Amino acid sequence: MIDKSKLNGATIRSFSPWVDRYLLSKFVRRQVQARYQGTVLGIFWSLLSPLLMLAVYSVVFRVIFKMRWGSGEENNLDFALQLFAGLVVFNFFAETVLRAPNLLLEQPNLVKKLRFPLEILAWINVGSSLMFMLPGLTLLLCCVAYSIGIFWSWCALPIIWLPLVIWLLGLSWFLSAIGIFVRDIGQMLGLAVSVLQFLSPIFYPISALPSWLQNWVALNPLSEVVEQTRAALFLGVWPSFMPWLMEMGASLVMASAGIWVFTRLRSGFADVL
Amino acid sequence: MSSNLMLHAHNLGKDYFIYTNARQRLQHLLFGLSGKAQVFHALQGVSFDLAKGDSLGIIGQNGAGKSTLLQLICQTVTPTHGSLSVHGRIAPLLELGAGFNLDFTGRENIYMNAAILGLSEAQTNARLQSIIEFADIGQHLDQPVRFYSSGMYVRLAFAIASSIDPQILVIDEAISVGDGEFARKSFARIQELREKGVTLLFCSHALYQVEALCEKALWLHEGQVKAMGPAAQVVTAYREWLDIKTRDIPEISASKAISIGPSSVTGHAQIRAITVTCDEQTGRTLAVKNEHSCVHIKVEFASDPNVPTPTVLVIIHGANGMDITSTSTLMDQLSLTRNALGEGCATLVYDPCYFLKGTCYVSVYLMCESGIHVYEAQERHTRLDVTQENLALGLVSLPHCWSDGPL
């Protein structure tokens, strides 16, 4: 029997998605289906809602506040696409984080009545968020291809997002385990996410900030990802290695911390739910 | 360790810590700081080995720790003490349909649930037809489970859970739901699995089911093993014990229902006071000397003068709950006298008292004139700690005489 209260090779293996890949794929599919079950527009909702938000933000920031992205010539579509690129990444992040504390809370049966590899709930969470991101991303790529062109650097997008995915996995393990014991987490996160939306370079490029503030915003793990995504999308710039490596390192630390907390608290899950 | 060994539980125990707040619990789990948490022993010192094909029934009252034990075996709950090793695939039927998603159709839930229970897609496909046949829910299969009747729901869930070719089947009263026909079918399925050599753990209040399905039985009482052995023996012992308890249970609830207040005894009767005296000492715990002490049990009661005079029953229990002796005013044909308000008093005297060394308890029941209905019960009201001078064995010494040679 695996002693799941200690961190060892067997535990680490159980946190990788490979062993339960079939279960994982079934659950991700179920999450996606469940969201649109019974709706008329189905998967189009994951296109419609970001588009609607994009329209609102564009009108507010561009038309009312007369914001400009860069110094050169730019039309309304260019501006909207800059916003859209940021929003796609941010929505992926927000969706994953906001769902995380409820992963175990909403499924007491999986914890108490069944033998279920609870570790994969974090993978399911991140996996289904990625699925929800796909339609918006596809639309974004189509628009960029139409208005600017296609770049080889698009191939780097998965690499740019890898640290974010790992970071979110760690956060999901952490939040789902803590969320059972501290129910305030959900409320706190709602607040934190709204704040973070404005502290991340979603509605502005990081270069628009005064330099002392730039350093602080750069601490936000989202900043680097959003900026690199934009560079790869619009300018054909490949991500630079060192910042990416640092991101990756930080994410791995987060993931390890998440696994540690999850394994420590695991024995108490069934007692509380 | 023999290769046939499927389950090995050694001194298995589960404590629940009762915390005052969530933060304390979190600290305990994360950093091992125990603080001032109260401990509740849900289960203590359970040991057993089950080989391939063994079947163990688990019996006991509500709250005895049965479900905790099953959860430990299914490894949904982590043991606090002892160790457990499991060799083989477990099908946990702790709650049927626990993994169902209500918005999905029966067919989708078959795949989902089977995946949770450990089947691959190909394995599920191979079993799909037999699952559908066994569940027998017709065209509802492609409707959302939300619209299923509870019977259909349970049938589908059992069909899936019993189709995964488990090596160990753990059933927590799951099949008591459902109609008679389905119950028969599921028992047939369980028997079929047993003949294939499945190890069965079965927990039920239906004792005849335990006897019918299991070779061995484990009787849990307040988190501890009270007996373990051949199912027939353990079930018989439990039934005997239960007979005493069930005689008591309505009495306890009756006493709660009746005790409206000291002034209102309309249509009823109630105990006003119980005074137990031993050699001039009065109290709830008394020291008693075998064949020397004199014990008085005085029961004061009040009753509605319009109801027939109540009777008083006194039972002396041993520490293990076994009855040592009992007597009542009805058995001894003593009719009590009451004043105009319906108040009266009965005193039972054991002089000397013949209890042997150990602890026993005095329970008092105020009953109707025919000794069937219980007005009020005061169980284990007084504790008697008995000491003796000689080395006699047993529960009581009886008045006796010896003669040297034939009488």
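This one's a predicted model, so the numbers in the text were calculated from it and none came from an experiment.
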Take atom NE2 in B:His10; do more than 12 heavy atoms of anything else shown fall under 6.0 Å from it? no
Select one option (side chain, backbone, both, neither) describing which atoms of B:Gln71 are under 4.5 Å from chain A's heavy atoms. side chain
Relative to chain B, which segment of A:Phe269 carries a heavy atom at a distance below 4.5 Å: side chain, backbone, both, or neither? neither
Any side-chain heavy-atom pair of B:Thr76 and A:Lys113 under 4.5 Å: no
Does atom CH2 of A:Trp161 have more than 12 heavy-atom neighbours, drawn from other residues, nucleotides or ligands, at distances under 6.0 Å? yes
Looking at CZ of A:Phe116 and CD of B:Gln75, how far apart are the two atoms once the value is rounded to the nearest 0.5 Å? 16.0 Å
Residue among B:Gly118, B:Pro144, B:Gly99, B:Ser120 with most heavy-atom pairs under 4.5 Å to chain A: B:Ser120
Would you say A:Leu23 and B:Ile116 make side-chain contact, with heavy atoms under 4.5 Å? yes
A:Leu265 versus chain B, the contacting section by heavy-atom distance below 4.5 Å: both
Closest heavy-atom pair and its distance - A:Ala34, B:Phe104: N-CZ, 3.9 Å
Approximate separation, where rounding is to 0.5 Å, of B:Leu94 CG and A:Lys112 NZ: 11.0 Å
So for A:Phe181, is it side chain, backbone, both, or neither that comes closer than 4.5 Å to the heavy atoms of chain B? both
Could you report the tightest heavy-atom contact between A:Lys26 and B:Tyr111, atom names first, then the distance? CE-CB, 3.7 Å
A side-chain contact here means heavy atoms from C-beta on lying under 4.5 Å apart; do A:Leu114 and B:Leu117 qualify? yes
Under a 4.5 Å heavy-atom cutoff, which of B:Ala98, B:Cys74, B:Ser83, B:Ala115 has the most pairs with chain A? B:Ala98
For A:Arg35, I'd like to know if atom CZ has over 12 heavy atoms of other residues, nucleotides or ligands within 6.0 Å. yes
